[in-house]
Visitor: 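Take a look at the following structure, please.
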Amino acid sequence: MSTMESLIGLVNRIQRACTMLGDYGGGDNAFSSLWEALPTVAVVGGQSSGKSSVLESIVGRDFLPRGSGIVTRRPLVLQLHKTGDGSKEYAEFLHLPRRKFTDFSLVRQEIQDETDRMTGKTKQISPVPIHLSIYSPNVVNLTLIDLPGLTKVAIDGQPESIVQDIEMMVRSYVEKPNSIILAISPANQDIATSDAIKLAREVDPTGERTFGVLTKLDLMDKGTDALDVLEGRSYRLQQPWVGIVNRSQADINKNIDMIVARRKEREYFATSPDYAHLASKMGSEYLAKLLSKHLESVIRAQIPSITSMINKSIDELESEMDHLGRPIGVDAGAQLYTILELCRAFDKIFKEHLDGG
Ligand SMILES: Nc1nc2c(ncn2[C@@H]2O[C@H](COP(=O)(O)OP(=O)(O)OP(=O)(O)O)[C@@H](O)[C@H]2O)c(=O)[nH]1
């Protein structure tokens, strides 16, 4: 494993530790600054923009819950770990550390169940993330955070505030200066109306940390193309735009598997009269490699600040430990001993006062 790959792994481990300690950003606990210091890739898009499809395509597996309405109701921190060729794929949740999932339909079920455990079945949202690691020879090392889709109206059973709640949650991720924004927009809608680009433009006006992703290129009206967007003329970003062709609903209903879908996507770009000249820089596999490389360079640039943040947290914790005093034993004998010591100390001070008085 190269040094940079192991560095992405290291950042993954720090993120997991932060979550276990109750730090997932936005909070006011002692460590929140550490999570904030870590670079993340946040996936942002309006409902039905193709977010889940892009994530599944990057992973090469079906594993995300599907359905109508707001399906993603908690952030999903998805950590991809590349393993050696021929090794078996499996998934692991942080909240179920000893269970290896090799059946990805069970992963989907567990995401749903774990969401419901926190939010109830009320369709509420929660900012507490679910951590999922996928180990596979077919992925690149990458960490992505899937967020609820931006929406415009509350549907049955949801409080009116859900529209703002989702926007605030998504905003809290993308406004961090260390966050890399994966802004998903469907090509069959005017880019000027894209929720993802609207939000990205607000928090990253220079476009230096936004990657624009255009899905549904195959669904554009005949005679139209998305070259103005893909070539950066409609909306300029400092990072390149990437076009994607995911599985259609009909493909999903026919159980077209992801490997076939990736091949069809490659063929689409290679044979398209509009996009063939861009084919080597399009598609979900290219997007995954582009993001992994970018994440590596961001981590490399931030190593000094991450190291100093960790050292600062250690110093703060050590001084808090000093303040709290020595640890108290867990067994009854040790606890009794501690109480007797306290009594002796009290007795001594009391006597000194009596003598003095
Ligand atoms: N033809 C075609 N269909 C697509 C493409 N991308 C997504 N779809 C379809 O669009 C629908 C919505 O896609 P999802 O990936 O579920 O979108 P999402 O943004 O995750 O949606 P929500 O989680 O409901 O907000 C599904 O039926 C997909 O099959 C694409 O590139 N081409």
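Read the numbers this way: they start at 1 and go in the same order the structure lists the ligands and their atoms.
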Visitor: Is Ser48 in contact with ligand 1, taking contact as a heavy-atom separation below 4.0 Å?
Guide: yes
Visitor: Quick one: does Glu265's side chain have a donor or acceptor within less than 3.5 Å of a partner on Asn246's backbone?
Guide: no
Visitor: Hey, which of Arg247, Arg61, Arg262, Lys51 is the one that makes salt bridge (charged side-chain N to carboxylate O under 4.0 Å, His left out) with Glu56?
Guide: Arg247
Visitor: Strictly below 4.0 Å, N to O, side chains only: are Asp355 and Lys351 in salt-bridge contact?
Guide: no
Visitor: Would you mind checking if Glu114 and Arg74 are paired as a salt bridge, meaning a charged N to carboxylate O distance below 4.0 Å?
Guide: yes
Visitor: Only heavy atoms of Ser53, strictly under 4.0 Å: list the atoms of ligand 1 that pass.
Guide: 7 (C), 13 (O), 14 (P), 15 (O)
Visitor: Does an N or O from Lys51, backbone or side chain, lie closer than 3.5 Å to an N or O of ligand 1?
Guide: yes
Visitor: Using a 4.0 Å cutoff against the non-hydrogen atoms of Gly50, which atoms of ligand 1 qualify?
Guide: 7 (C), 13 (O), 14 (P), 15 (O), 17 (O), 18 (P), 19 (O)
Visitor: Compute whether any side-chain donor of one residue and acceptor of the other, for Arg73 and Thr115, lie under 3.5 angstrom apart.
Guide: no
Visitor: Centre-to-centre under 6.0 Å for Phe93 and Phe101, is that the case here?
Guide: yes
Visitor: Answer side chain, backbone, both or neither: which part of Asp218 comes under 4.0 Å from ligand 1, heavy atoms only.
Guide: side chain
Visitor: Gly46: heavy atom below 4.0 Å from ligand 1, yes or no?
Guide: yes
Visitor: Does any N or O of ligand 1 fall below 3.5 Å from an N or O anywhere on Arg66, backbone included?
Guide: no
Visitor: Ring of Tyr286, cation from Lys281 - is the NZ or CZ under 6.0 Å from the centre and inside 45° of the axis?
Guide: no
Visitor: Backbone, side chain, both or neither: what part of Asn246 comes under 4.0 angstrom of ligand 1, heavy atoms only?
Guide: both
Visitor: Strictly below 4.0 Å, N to O, side chains only: are Glu285 and Lys289 in salt-bridge contact?
Guide: no
Visitor: Would you say Leu217 has any N or O atom under 3.5 Å from an N or O of ligand 1, going by distance alone?
Guide: no
Visitor: Is any N or O atom of Lys216, backbone or side chain, closer than 3.5 Å to an N or O atom of ligand 1?
Guide: yes
Visitor: If you measure from each non-hydrogen atom of Ile252 to ligand 1, which part falls under 4.0 Å: side chain, backbone, both or neither?
Guide: side chain
Visitor: State the atoms of ligand 1, each with its element, that fall below the 4.0 Å cut-off from a heavy-atom position in Val245.
Guide: 31 (O)
Visitor: Are Asn138 and Glu89 side-chain neighbours, meaning at least one heavy-atom pair lies under 4.5 Å?
Guide: yes
Visitor: Hey, does Leu219 sit under 4.0 Å from ligand 1 if you only count heavy atoms?
Guide: yes
Visitor: Counting heavy atoms only, which of Arg247, Met220, Gln249 is nearest atom 8 (N) of ligand 1?
Guide: Arg247
Visitor: Considering the heavy atoms of Gln47, write down every atom of ligand 1 situated less than 4.0 Å from one of them.
Guide: 25 (O)
Visitor: For Met118, look at atom CE and say whether over 12 heavy atoms of other residues, nucleotides or ligands are found less than 6.0 Å away.
Guide: yes
